[in-house]
Amino acid sequence: IVSWTELIGGFTRNAFSAKAMLSFEQMQAEGILPNVITYVCMMGACASSCALKRGQELHAKIVRGGSVEGQSTIVGGALVDMYAKCGLLETAADVLQELAVRDTITWNAVILGYINHGLSEKALRCLEEMQLDGASLNLLTFACSLKACADVRWADKGLELHAEIAKSGWSEDDLICNVLVDMYVKCGLFTKARKVFDRRQGRDIVSWTSLISGYAEHDHGKEALKLVEQMQLEGISFNAATIVCSLKASGSVGSPSKTQEVHLEIAKRGLEEDILVSSTLINTYNQCGLLLEAEKVFDEQSGRDIVSWNSLLAGYTKLGKTQRVFDTLQRMITEGEKPD
RNA sequence: CAUGCAUAAGU
C-alpha cells in the first residue's frame with residue numbers, strides 16, 4: 001500500500017492525473033484497499049484535473065470509513081481543495097464549516113478557490129471569517145490575500161496586509177515580494193512597488209513581468225520599455241510571459257521597431273507557437289499600424305483561437321477596412337470558430 | 001517509508 005500510494009502521489013504531484021487514476025484502479029484490482037493517505041493523493045489528482053465526479057465518489061467512500069476529521073486533518077483539507085478547484089465553492093465552504101478543526105491550509109484552499117473563480121472580493125471576506133475563527137495566517141494566506149487585493153485593486157487592504165506581513169517577519173520572502181510588487185503596480189502605486197522590487201536581492205522574472213505589465217497597462221509604456229531594456233542588461237532571459245508584456249509595452253507606445261525587436265526575441269526562443277505570444281503579437285503589430293506583419297503572424301499561427309481572430313479583426317476595423325472585416329468574419333465561421 | 005493550500009502574460 002505504501003508503494004502504491006507513493007506512486008499515485010508522484011503522478012499527482014507531476015500533474016499526471018490520468019496515470020494516478022489508472023494506478024488507483026490497478027491497485028484495487030490487485031485487492032489492495034486504499035487508506036486515508038491514498039485518498040489524499042487521489043483527491044489531489046481529481047483537484048488538478050477538475051474531475052468532480054471522481055472526487056465526489058471518493059468523498060463518499062471516505063465518509064463510509066467514518067467521520068472525515070476522525071481519519072486525518074489532512075484529508076479534510078484535500079477534500080475542500082478538490083471542491084474549490086472544481087468550482088464548487090459553496091460545497092467547499094460547507095465542508096470547511098463542518099470540519100471540527102479548520103486549519104490554515106484548508107482556509108487557504110477556500111480563499112484561493114474564490115480567487116481562481118473570479119470572486120476575489122468574496123475571498124477577502126473569507127479571510128476575515130478565517131481570522132474571526134481564530135485560525136492563524138501563514139505565508140500562503142498572505143500571498144493569496146494580496147493577490148485578491150490586486151484583482152479588485154484594493155490598495156488600502158493591500159497596505160494593511162503588508163503591515164501585518166512586516167510584523168510577521170515575512171517581508172523578505174520571495175513569493176511575498178513578488179505578490180506585493182504585483183499588487184502595488186496593479187493598484188497604480190508605482191513608488192511602493194519599486195521600493196519592494198529595488199531592495200531585493202534575487203529580483204526574479206515574475207516581478208519584472210509584473211512591473212512591465214503594470215506600467216504598460218497604466219499607460220506608462222515608455223517606463224515599461226525602459227524596464228525591458230534594464231532587464232536585458234541584467235542578463236535575465238525572457239520567457240513567454242515577459243515577451244507578452246514587452247509587446248504590450250511596445251504596443252502601448254506604438255513603436256514598430258521595438259515590436260520587431262521583440263519579434264526577433266520570440267523567434268530566438270522558439271515561442272512562435274505559443275498562442276498567447278502570437279496573438280499578442282498580432283495585436284501589437286496592429287497597434288503599430290503594421291497590418292501586413294499582423295496578417296503574416298496570423299497566417300503562420302497553427303492553433304488559432306477566438307482571440308487570434310478577434311485581434312485580426314480589430315486591426316481591420318481600426319483601419320476602416322470594412323469589407324475585410326466581413327470577409328474575415330465569414331472565413332472565421334467557415335473554419336469553425338464561433339464569434340463572440 | 002507515502003499525503004492537502006502557491007505569485008506574473010493575450011482581443
Side-chain angles (χ1 to χ4, degrees), chain A residues 1-13 34-48 71-82 84-85 92 96 103-113 115-116 135 137-148 150-151 173-183 185-186 204-214 216-217 238-249 251 271 274-284 286-287 305-315 317-318 339-340:
Chain A
I1 178 70
V2 172
S3 32
W4 274 109
T5 304
E6 202 172 6
L7 182 70
I8 294 171
F11 284 139
T12 300
R13 265 192 306 281
N35 65 18
V36 221
I37 302 182
T38 323
Y39 283 127
V40 170
C41 297
M42 281 304 295
M43 276 304 167
C46 296
S48 64
Q71 305 179 53
S72 96
T73 330
I74 296 177
V75 78
L79 259 171
V80 168
D81 182 49
M82 185 278 294
K85 286 226 168 72
L96 170 75
D103 68 5
T104 305
I105 293 185
T106 311
W107 277 104
N108 290 352
V110 174
I111 293 177
L112 242 147
I115 294 173
N116 289 333
L137 315 189
N138 71 9
L139 206 119
L140 291 187
T141 318
F142 283 117
C144 57
S145 305
L146 285 170
K147 182 177 156 67
D151 287 341
D173 178 86
D174 277 349
L175 171 66
I176 292 291
C177 286
N178 284 346
V179 178
L180 277 171
V181 169
D182 190 60
M183 183 275 294
V185 80
K186 282 208 172 92
D204 71 16
I205 187 145
V206 173
S207 278
W208 280 102
T209 312
S210 292
L211 273 184
I212 295 168
S213 167
E217 246 154 55
F238 284 67
N239 64 18
T242 343
I243 297 264
V244 166
C245 297
S246 307
L247 286 171
K248 281 205 291 195
L271 290 171
D274 187 305
I275 185 91
L276 292 183
V277 169
S278 56
S279 37
T280 309
L281 189 56
I282 295 173
N283 226 358
T284 308
N286 280 332
Q287 287 175 309
D305 69 3
I306 181 81
V307 180
S308 325
W309 288 97
N310 288 345
S311 303
L312 184 67
L313 285 167
T317 307
K318 190 181 171 209
D340 67 0

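It should be emphasised that the depicted structure is a prediction, and the values quoted were computed from it without experimental measurement. Per chain, numbering begins at 1; letters A, B, ... match sequence-line order.
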Among [options], which is the nearest nucleotide to the side chain of [X]?
{"X": "A:I74", "options": "B:A8, B:U11, B:G4", "answer": "B:G4"}
{"X": "A:A240", "options": "B:U7, B:U11, B:A9", "answer": "B:A9"}
{"X": "A:K186", "options": "B:G10, B:A6, B:A9", "answer": "B:A9"}
{"X": "A:L175", "options": "B:A9, B:A6, B:A8", "answer": "B:A6"}
{"X": "A:E6", "options": "B:A6, B:A8, B:A2", "answer": "B:A2"}
{"X": "A:S210", "options": "B:C5, B:A8, B:A2", "answer": "B:A8"}
{"X": "A:V40", "options": "B:U3, B:A2, B:A9", "answer": "B:U3"}
{"X": "A:S213", "options": "B:U3, B:A6, B:A9", "answer": "B:A9"}

Across the strands shown, which category fits [X] at heavy-atom distances under 4.0 angstrom: base, sugar-phosphate, nothing?
{"X": "A:Q287", "answer": "nothing"}
{"X": "A:K318", "answer": "nothing"}
{"X": "A:I275", "answer": "base"}
{"X": "A:V179", "answer": "sugar-phosphate"}
{"X": "A:T106", "answer": "base"}
{"X": "A:L276", "answer": "base"}
{"X": "A:S311", "answer": "sugar-phosphate"}
{"X": "A:C245", "answer": "sugar-phosphate"}
{"X": "A:N239", "answer": "base"}
{"X": "A:A143", "answer": "nothing"}

(request) Report yes if a donor N or O on one partner sits less than 3.5 Å from an acceptor N or O on the other, where the partners are the side chain of A:T280 and the base of B:G10; otherwise report no. (result) no
(request) Return the set of residues passing ring-ring contact (aromatic ring centres under 6.0 Å, His included) with A:W107 (not counting sequence neighbours), or none when no residue passes. (result) none
To the nearest Å, how far apart are [X] [atom1] and [N] [atom2]?
{"X": "A:D204", "N": "B:A8", "atom1": "CG", "atom2": "P", "answer": "12 Å"}
{"X": "A:M82", "N": "B:U3", "atom1": "CE", "atom2": "P", "answer": "20 Å"}
{"X": "A:N35", "N": "B:A2", "atom1": "CG", "atom2": "C1'", "answer": "8 Å"}
{"X": "A:M42", "N": "B:A2", "atom1": "CE", "atom2": "C1'", "answer": "15 Å"}
{"X": "A:L96", "N": "B:G4", "atom1": "CG", "atom2": "P", "answer": "18 Å"}
{"X": "A:I306", "N": "B:U11", "atom1": "CD1", "atom2": "P", "answer": "14 Å"}
{"X": "A:L271", "N": "B:G10", "atom1": "CG", "atom2": "P", "answer": "16 Å"}
{"X": "A:L112", "N": "B:C5", "atom1": "CG", "atom2": "P", "answer": "10 Å"}

(message) Pair A:N310, A:D340 - check side chain to side chain donor-acceptor pair (under 3.5 Å), show working.
(response) CA-CA 9 Å; A:N310 288 345; A:D340 67 0; 3.2 Å; yes
Hey, does the side chain of [X] come within less than 4.0 Å of [N]'s phosphate (OP1/OP2), counting only N and O?
{"X": "A:K147", "N": "B:A8", "answer": "yes"}
{"X": "A:K248", "N": "B:U11", "answer": "no"}
{"X": "A:R13", "N": "B:U3", "answer": "yes"}

Please tell me whether [X] and [Y] have a donor and an acceptor in their side chains that are separated by less than 3.5 angstrom.
{"X": "A:T280", "Y": "A:N283", "answer": "no"}
{"X": "A:N138", "Y": "A:T104", "answer": "no"}
{"X": "A:N108", "Y": "A:T141", "answer": "yes"}

(message) Does any part of the side chain of A:I1, heavy atoms only, come nearer than 4.5 Å to the side chain of A:T5, both counted from C-beta?
(response) yes
(request) Apply the test side chain to side chain donor-acceptor pair (under 3.5 Å) to residues A:T73 and A:D103: give CA-CA distance (whole Å), side-chain angles for both, the deciding distance (0.1 Å), then the verdict. (result) CA-CA 8 Å; A:T73 330; A:D103 68 5; 5.7 Å; no
